[in-house]
Amino acid sequence: QVQLVESGGQLVQAGGSLRLTCTASGRILSSYTMGWFRQAPGKEREFVAASKWNGRNTRYGDSVKGRFTISNDNAKNTVYLQMNSLKPEDTAVYYCATDQGNNFFIISTAAAMYPYWGQGTQVTVSS
């Protein structure tokens, strides 16, 4: 199984930028979907962004379109989430996840479709 570890979460002021990193151990194939989700206290886990490992298919949650960008570095076995124009509403624990190729043809926005998760990293945006 692929193991995922997130890093980069911290306190940042509204309007600022932050880049989260998810480093994977294990083999990642081009058919895998790599995703980012977030969860604030008392709220359901929310889809943020996801992409096939080859980067050719990408989806974003409506609340982050135009502000966040998902990308990956194949050589480093790493996926990134670049977050710009951060808002207090972006405050949450951010998780990276993968379907490990279970959804070959689609990029799902449902957390239940991603069996493998990292431990999460806290992002706090102050107003």
Side-chain angles (χ1 to χ4, degrees):
Q1 300 97 315
V2 174
Q3 294 183 333
L4 307 172
V5 178
E6 305 96 331
S7 62
Q10 60 180 273
L11 174 66
V12 63
Q13 291 182 325
S17 297
L18 197 63
R19 189 175 76 165
L20 304 183
T21 298
C22 176
T23 300
S25 61
R27 190 177 182 184
I28 302 178
L29 303 180
S30 61
S31 61
Y32 288 14
T33 305
M34 307 299 294
W36 288 95
F37 291 77
R38 65 188 184 186
Q39 189 165 25
K43 294 186 177 180
E44 189 173 301
R45 190 162 295 189
E46 178 188 14
F47 174 77
V48 175
S51 176
K52 294 295 183 183
W53 185 243
N54 60 23
R56 295 173 181 172
N57 302 98
T58 305
R59 295 184 69 176
Y60 293 94
D62 289 341
S63 64
V64 305
K65 286 181 179 178
R67 299 189 298 122
F68 291 10
T69 303
I70 187 171
S71 62
N72 65 281
D73 186 331
N74 293 13
K76 296 181 179 180
N77 243 33
T78 298
V79 60
Y80 303 100
L81 183 68
Q82 178 65 46
M83 305 184 294
N84 299 324
S85 302
L86 283 163
K87 305 174 181 179
E89 307 92 88
D90 296 318
T91 296
V93 177
Y94 283 71
Y95 300 89
C96 64
T98 182
D99 67 356
Q100 204 167 292
N102 291 331
N103 303 291
F104 186 83
F105 294 108
I106 64 169
I107 297 176
S108 178
T109 63
M113 300 301 292
Y114 293 79
Y116 309 100
W117 295 81
Q119 84 291 343
T121 185
Q122 176 71 49
V123 173
T124 302
V125 183
S126 62
S127 59

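Keep in mind it's a predicted model, so treat the numbers as computed, not measured.
Side-chain atoms of Q100 never come within 3.5 Å of backbone atoms of Y32 as a donor-acceptor pair (strictly under, hydrogens ignored). Here the side chain of R67 pairs a donor or acceptor atom with the backbone of S85 at under 3.5 angstrom. Judged by distance alone, the side chain of S51 and the main-chain N or O of N57 form a donor-acceptor pair under 3.5 Å. Distance alone, capped at 3.5 Å, places no donor-acceptor pair between the T91 side chain and the T124 backbone. Checking side-chain atoms of Q10 against main-chain N and O of V123 turns up no donor-acceptor pair under 3.5 Å. Of the possible donor and acceptor atoms, none in the side chain of K76 sits under 3.5 Å from a partner among the backbone N and O of T23. With hydrogens and angles disregarded, a donor-acceptor distance shorter than 3.5 Å links the side chain of Y60 to the backbone of I70.
Cluster annotation: L29 and M34 are assigned to the same hydrophobic cluster (Ile/Leu/Val/Met/Phe/Trp/Tyr, side-chain heavy-atom contacts under 4.5 Å, transitive). Cluster membership for V64 and L81, using ILVMFWY side-chain heavy atoms within less than 4.5 angstrom, is shared. A single hydrophobic cluster is not seen to contain both V125 and V93; linkage of ILVMFWY side chains at heavy-atom distances under 4.5 Å, directly or through other members, places them apart. Cluster membership for Y116 and V48, using ILVMFWY side-chain heavy atoms within less than 4.5 angstrom, is not shared. With hydrophobic clusters built from ILVMFWY side chains whose heavy atoms lie under 4.5 angstrom apart, M113 shares a cluster with W117.
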Carefully, step by step, assess S126 and V12 under the rule side chain to side chain contact (heavy atoms under 4.5 Å, CB included). CA-CA 6 Å; S126 62; V12 63; over 6 Å; no
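Judged by distance alone, the side chains of D99 and T33 do bring a donor and an acceptor atom under 3.5 Å apart. Side chains of Q82 and N84: a donor on one and an acceptor on the other come within 3.5 Å.
Looking at every heavy atom in both residues, A40 comes nearest to A92 through N-CB, 3.9 Å. The minimum heavy-atom distance linking L4 with A24 is given by the pair CD2-CB, 3.6 Å. The shortest non-hydrogen separation linking Y114 to A50 is OH-CB, 3.6 Å. The shortest non-hydrogen separation linking L20 to Y94 is CD1-CB, 3.5 Å.
Put simply, SG on C96 and CD on Q119 are 7.5 Å apart, with the number rounded to the nearest 0.5 Å. Expressed to the nearest 0.5 Å, how far CG of L86 lies from OG of S127 amounts to 13.0 Å. Atoms CD1 and CG, on I28 and N54 in that order, are 12.5 Å from each other to the nearest 0.5 Å. The OG atom of S25 sits 8.0 Å away from the CG atom of N77 when rounded to the nearest 0.5 Å. Interatomic distance, NZ of K52 versus OG of S31, reported as 6.5 Å (0.5 Å rounding). One distance of note links OG1 of T21 with CG of N72; it measures 12.0 Å at 0.5 Å rounding.
Side-chain contact between V79 and C22: present, with at least one pair of heavy atoms (C-beta onward) separated by less than 4.5 Å. Contact annotation: the side chain of N102 approaches that of P115 to within less than 4.5 Å [non-hydrogen atoms, C-beta and beyond].
With ring centers used as reference points, F47 lies 6.0 Å or more from W36.
A cation-pi arrangement is present between R19 and Y80 under the rule of less than 6.0 angstrom and at most 45 degrees off the ring axis.
Screening residues 22-43 for salt bridge (charged side-chain N to carboxylate O under 4.0 Å, His left out) gives R38-E46, R38-D90 as the qualifying pairs, with residues at least two apart or on separate chains.
Around the CD atom of Q3, the shell of radius 6.0 Å holds no more than 12 heavy atoms that belong to other residues, nucleotides or ligands.
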